[in-house]
Amino acid sequence: MQQWDVIVIGAGAAGLFCAIEAAKRGRKTLVLDNGKRIGRKILMSGGGRCNFTNIYASPANYLSENRHFCKSALSRYTQWDFIALVQQYGIPYHEKALGQLFCDNSAKDIVDMLQQECDKAGVQIALQQEITEVRFADDQYQVVTPQLTRQCQSLVVACGGLSLPNLGATAFGFQLAEQFGLNVLPVRAGLVPLTWQPSDKAVFEEISGVSLPVTAEANDVVFPEDMLFTHRGLSGPAVLQISNYWQPGDALIINLAPEQNISEFLTEQQQQHPAQELKTALAKILPKRLVEKLLELQVFPNQPLKALNAKNIERLDQALSQYIFKPNGTEGYRTAEVTLGGVDTNGLSSKTMEAKNQLGLYFIGEVVDVTGWLGGYNFQWAWASGWVAGQYC
Ligand SMILES: Cc1cc2nc3c(=O)[nH]c(=O)nc-3n(C[C@H](O)[C@H](O)[C@H](O)COP(=O)(O)OP(=O)(O)OC[C@H]3O[C@@H](n4cnc5c(N)ncnc54)[C@H](O)[C@@H]3O)c2cc1C
């Protein structure tokens, strides 16, 4: 039987980062993954440019049953630590928006950096490994594949969540947690487009491709970003962000013109161009195809601006600044960027990521019930949770 100090299951962001740190401490470390290459999600993240962190990352950008759990790891390995590593490798990057840092060239730069760090520290990696069983005997973990059984003192579970099943996502991490007596909170797709009700689909699919800045609100949480109409429903950063907070049956409240005071704008237009049609005025602040659709839906009757009274303007303002959509659901794990829920943090030490009830067993990254907003926050959690576990495993 092969003997290791540490075996990490999952060669994603969290697993690789943990393995590097463990190996730097002199631990004989092996990473196992079911895929053909390391860092597959990193490679396809951020449209191929990997939004690897966010300069504003803080615990407030994360969802979890225990909102305090992520604080320790995020404060001990910060975005500035990761940025320093990226700079050390001379990887060119830029801030795209809202503190989001992307590679100038390719996400491959980040994966190459991780591979080099693994090589330097002496991390071994075995790919295309189908783990059939994990056993615990004599204070050792036995990780079984059809080819061989490997034994280790510390087992780190970094299997990620359920999003993108065609990229190797499995529920294995959750199953292992349950096997060792940890609680797993219900999981659901996050950072995911929302889908139309059949009646809305018939109406809005015609304007798929239309994008506009909005604020999207659900359950008293509001995100100001762009929204995109698609054939299947609503997407774009504002909708992906709010999808983390939206629950089936909830309404989505959209301000279609958040940068405008609509009443003031229309009153002004009315004074300056009384004969102008309402749809012409609205097309100055909203995409024309959306205005035509709203007309067709009789959200407002088209008429010369001079025909509008103060009440009409107020009603129109309300209709546009609090437009209600009732999504049917989400596109699910097929397109979701993350999985909400997962291994209950109550069973883990926030300092080490070790299971409280099971010595030597660690859970890191997305498999844990900590989920970030869109914008580099999820990788920062993967780096931070991987780094802290790597100091102890
Ligand atoms: C399309 C897309 C784009 C994204 N873009 C960004 C972005 O730009 N910025 C950002 O911060 N976040 C982004 N994310 C989210 C981010 O990729 C994840 O939060 C992050 O990769 C989680 O890291 P992890 O190491 O926990 O899991 P993963 O990266 O998912 O790695 C888990 C690994 O475990 C392996 N595995 C699973 N089951 C088994 C098993 N049974 N046996 C062996 N191996 C197994 C998987 O194949 C995988 O390699 C994106 C996600 C997606 C899907």
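First listed ligand is number 1; within each ligand, the first listed atom is number 1.
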Contact partition for Arg40 relative to ligand 1, non-hydrogen atoms under 4.0 Å: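 The side chain, only.
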Enumerated ligand 1 atoms positioned under 4.0 Å from heavy atoms of Asn378: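 Listed by number with element: 11 (O), 12 (N), 19 (O).
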Atoms of ligand 1 close to Gly365 [distance to a heavy atom under 4.0 angstrom, numbered from 1]: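 Close to Gly365: 26 (O).
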Using a 3.5 Å cut-off on N or O atoms only, is [X] in polar contact with ligand 1?
X      : answer
Ser163 : no
Gln129 : no
Ala13  : yes

Winner among [options] once heavy atoms are compared against [atom]:
atom                    : options                       : answer
atom 8 (O) of ligand 1  : Gly173, Gly46, Cys103, Gly39  : Gly46
atom 6 (C) of ligand 1  : Ser45, Ala126, Ala14, Ala57   : Ser45
atom 37 (C) of ligand 1 : Ala158, Ala382, Cys159        : Cys159
atom 21 (O) of ligand 1 : Trp381, Phe379, Phe17         : Phe379
atom 14 (N) of ligand 1 : Glu337, Arg37, Gln380, Glu366 : Glu337

Side-chain ion pair, Arg289 and Glu292, N-O less than 4.0 Å: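 Result for this pair is no, no salt bridge flagged.
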Geometric class of the Trp373/Phe223 ring pair [parallel <30°, tilted 30-60°, perpendicular >60°]: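 Judged by the thresholds at 30° and 60°, the geometry between Phe223 and Trp373 is perpendicular.
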Aromatic ring pairing Tyr93/Phe52, orientation class (parallel under 30°, perpendicular over 60°, tilted between):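 Tyr93 and Phe52: perpendicular rings.
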No-hydrogen, no-angle side-chain donor-acceptor test under 3.5 Å, Gln380 and Gln79: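 Note: Gln380 and Gln79 side chains miss the donor-acceptor criterion.
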